[in-house]
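All remarks here apply to the structure that follows.
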Number of protein chains: 2
Amino acid sequence: MTQKAKEYYRDNPQFYVAVDCIIFAFENDELQVLLQQRNFEPFRGEKTLLGGFLQDEESLEEAAQRVLHFHTGLTNIYMEQVGTFSALDRDPGARVISTAYYALINKNLYDSALLKEYDGEWVSTDHLPNIHFDHTKMIEQARELLRRKISFSPVGFNLLPPSFTLAQLQRLYEVILGQEIDKRNFRKRVSEMQFIEKTGEIDKVSSRRGASLFQFNMEKYNLIHEFKLK
Amino acid sequence: MTQKAKEYYRDNPQFYVAVDCIIFAFENDELQVLLQQRNFEPFRGEKTLLGGFLQDEESLEEAAQRVLHFHTGLTNIYMEQVGTFSALDRDPGARVISTAYYALINKNLYDSALLKEYDGEWVSTDHLPNIHFDHTKMIEQARELLRRKISFSPVGFNLLPPSFTLAQLQRLYEVILGQEIDKRNFRKRVSEMQFIEKTGEIDKVSSRRGASLFQFNMEKYNLIHEFKLK
DNA sequence: AATGATGAGTGTATTTTTTACACTTTTTAC
DNA sequence: GTAAAAAGTGTAAAAAATACACTCATCATT
């Protein structure tokens, strides 16, 4: 590179760059988010999202997956970029530019033993506690993004176990969309999508009669690639 | 701040952070984007989006507005964040994290004399030339975001002059949505939105008969805040 | 063994929204 | 005066979304 070209970069300031992860899960008819009670400086005692600083040899997506893996034990988590936050005073400790990602996991599948190592706790997105930095805004934007996405893309299944009842699926949609859904209309739409298929198993836990278990068939979906639910 | 807290930040690398602006305009029945033919190093001779490095005392939004003002002479431009791009090799000159914003301007209102100062040129988004970095991907993501937004939010008016004919408005929608729209159905929907109002003026340029000019009334829209077009 | 309680499962009619479609009007250029 | 060009206008059909109520299977209780 020429001298001129080097100066092109070097005349400019550099910044700490971070990722913050809005990790969503669905339990007890609530959309929950994983927070951390910080027992370290800076901002000890505050609740925050799980995050980390971008390192030299990784992209933001890789950094987010690293953070996700570290806190859940999972790999290859479904994730979407929410946005990048850069207000001058968003982190009073230093100037940090942070990109938020939301992630969807199933609470049965992750390593919950890790929680106590970093003081993680699940909270309902309906009654968020006080959260430090601009993380409340991040959560709200993520929730809105998820709300819009879930009707037209089969991302919601990441929040459910591999097999699930239609009642579970419906509750998930009701909670995320924030409105009641008619059972018959919901099931009609589900039955039109052949990639939501019966496993043949019956769930005997949730009801006396027992409810058919279903699974999302990704291969079939990839052939059709059309999704509309509610 | 404690020593520990300082280390929390200092142990991490810092990065150049940039903004890239996808400046859209509508002319000749095309959605156009403003590019720059670089006559400076690095990457002299390449076409790129208009961008700039984030500085210490500004947010990304402020940096984007600065870049937008510098290249168009306009202030307070409508703008939306597209996403942040961080691939390791996206800029071979140095590691740069870049946040893309799309902006909507009207070509009649900006300072076109500035173009020659930075070798700016408008190109159709339908036939993009070779563009350097990951800027093609940025443009495509921006175009898709705009396509989704325009049906449910009155952002398209930023691409039109303050008063416009319904034919112009319809062509704008057809071009951005990439599909023909039925004239009568389109006008029916427009007439339902009282904040798209006749100015009383007649445009005699675009047709022999003359066509009524309309304007978007932001105050009325803010009261209603409901928008659906096509 | 009968009964009550619980959630599972199922179809049709109505309303709303979206789409398809063709001619008359006004003006200018020739 | 007439041909050409774009403006302007309403109704019917189709599709999509919504509203709605009962029977079924099983378990727990008596």
Side-chain angles (χ1 to χ4, degrees), chain A residues 26-29 147-148 150-153 160-161 163-194 196-215 224 226-230, chain B residues 26-29 147-148 150-153 160-161 163-194 196-215 224 226-230:
Chain A
F26 180 66
E27 194 178 47
N28 300 334
D29 284 4
R147 194 185 66 70
R148 287 194 207 173
I150 201 174
S151 297
F152 302 101
S153 182
L160 293 174
S163 69
F164 48 84
T165 67
L166 293 186
Q168 280 180 284
L169 184 63
Q170 181 175 341
R171 284 305 293 147
L172 175 67
Y173 272 78
E174 288 178 331
V175 166
I176 292 179
L177 296 177
Q179 60 183 261
E180 291 206 346
I181 301 174
D182 179 273
K183 179 164 66 162
R184 280 185 285 193
N185 294 338
F186 184 81
R187 284 168 184 241
K188 198 189 309 170
R189 292 199 199 95
V190 168
S191 68
E192 284 160 5
M193 292 186 278
Q194 290 102 334
I196 303 178
E197 57 190 17
K198 274 195 184 170
T199 66
E201 309 275 295
I202 304 289
D203 173 74
K204 306 292 281 182
V205 179
S206 60
S207 75
R208 290 176 180 166
R209 177 174 169 179
S212 286
L213 285 166
F214 287 75
Q215 63 193 357
I224 302 170
E226 245 174 78
F227 188 89
K228 180 88 185 286
L229 201 41
K230 181 54 203 171
Chain B
F26 180 65
E27 193 177 47
N28 300 334
D29 284 2
R147 194 185 66 69
R148 285 194 209 173
I150 199 173
S151 296
F152 301 101
S153 182
L160 294 174
S163 69
F164 48 84
T165 67
L166 294 184
Q168 281 179 284
L169 185 63
Q170 182 175 340
R171 284 303 294 148
L172 175 69
Y173 271 79
E174 288 178 332
V175 166
I176 292 179
L177 296 175
Q179 63 184 260
E180 292 205 348
I181 301 173
D182 179 273
K183 180 164 66 161
R184 281 184 286 194
N185 293 338
F186 185 80
R187 284 169 185 240
K188 199 189 311 171
R189 292 200 198 92
V190 168
S191 69
E192 283 161 4
M193 292 186 275
Q194 290 102 333
I196 304 178
E197 57 190 14
K198 275 195 185 169
T199 65
E201 310 275 295
I202 305 290
D203 174 72
K204 306 291 282 184
V205 179
S206 61
S207 76
R208 293 176 177 166
R209 176 173 170 180
S212 285
L213 285 166
F214 287 76
Q215 63 192 355
I224 301 171
E226 247 175 74
F227 188 89
K228 180 87 184 290
L229 201 40
K230 180 56 205 173

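Residue numbering restarts at 1 for every chain, and letters A, B, ... go by the order of the sequence lines.
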Please identify the 5'-most and 3'-most nucleotides of DNA chain D with any atom under 4.0 angstrom from a heavy atom of chain B. D:dA4 to D:dT11

Who passes side-chain contact (heavy atoms from CB on, under 4.5 Å) against B:Thr199, sequence neighbours left out? B:Ser163, B:Glu201, B:Leu213, B:Gln215

Using side-chain contact (heavy atoms from CB on, under 4.5 Å) as the criterion, list what pairs up with B:Gln170, not counting sequence neighbours. B:Glu174, B:Ile181, B:Lys183, B:Phe186

Would you call B:Phe26 and B:Gln168 a side-chain contact if the rule is heavy atoms closer than 4.5 Å? no

Please check if atom CD in B:Glu226 has more than 12 non-hydrogen atoms from other residues, nucleotides or ligands closer than 6.0 Å. no

Between the protein and nucleotides 14-18 of chain C, which nitrogen or oxygen pairs are less than 3.5 angstrom apart?
from, atom 1, to, atom 2, distance (Å)
C:dT18, OP1, B:Lys228, NZ, 2.9

Scan residues 205-214 of chain A against DNA chain D and write down, sorted by residue number, each residue with any heavy atom closer than 4.0 Å; if none is found, say none. A:Arg208, A:Arg209

The helix from C:dA1-D:dT30 to C:dC30-D:dG1: angle between end helix axes, five pairs per end, rounded to 10 degrees: 0°

Here the residues of residues 177-186 of chain B within 4.0 Å heavy-atom distance, strictly under, of DNA chain C are B:Asp182, B:Arg184, B:Asn185

Which pair of non-hydrogen atoms, one from A:Gly210 and one from A:Ser207, has the smallest distance, and what is that distance? N-OG, 3.0 Å

Interatomic spacing from OG in A:Ser151 to NZ in A:Lys228 - rounded to 0.5 Å: 8.0 Å

State which residues pass side chain to side chain donor-acceptor pair (under 3.5 Å) with B:Arg208; sequence neighbours excluded, sorted by chain then number. none

A:Lys230 pairs by side chain to side chain contact (heavy atoms under 4.5 Å, CB included) with which of A:Ile176, A:Leu177, A:Ile150? A:Leu177

Would you say A:Glu180 has more than 12 foreign heavy atoms packed within less than 6.0 Å of its CD? no

Quick one: side chain to side chain donor-acceptor pair (under 3.5 Å) partners of A:Arg187, sequence neighbours excluded? none

Near-strand residues of residues 163-176 of chain B, defined as heavy-atom separation under 4.0 angstrom from DNA chain C: none

Partner residues of B:Arg148 under the side chain to side chain donor-acceptor pair (under 3.5 Å) criterion, sequence neighbours left out: B:Glu144

Which residues pass the side-chain contact (heavy atoms from CB on, under 4.5 Å) test with A:Lys198, sequence neighbours left out? A:Ser212, A:Phe214

Is the phosphate of C:dT10 approached by A:Arg187 (side-chain N or O, under 4.0 Å from OP1 or OP2)? no

Show the numbers, then the answer: is there a side-chain contact (heavy atoms from CB on, under 4.5 Å) between B:Met193 and B:Leu229? CA-CA 9 Å; B:Met193 292 186 275; B:Leu229 201 40; 3.8 Å; yes

Might you point out which heavy atoms bring B:Glu197 and B:Gln194 nearest each other, and give the distance in Å? CB-O, 4.0 Å

When rounded to the nearest 0.5 Å, the distance separating OG1 of A:Thr165 from CZ of A:Arg171 is 11.5 Å

Let me confirm one number: the CZ-CG distance from B:Arg189 to B:Asp182, rounded to the nearest 0.5 Å. 8.5 Å

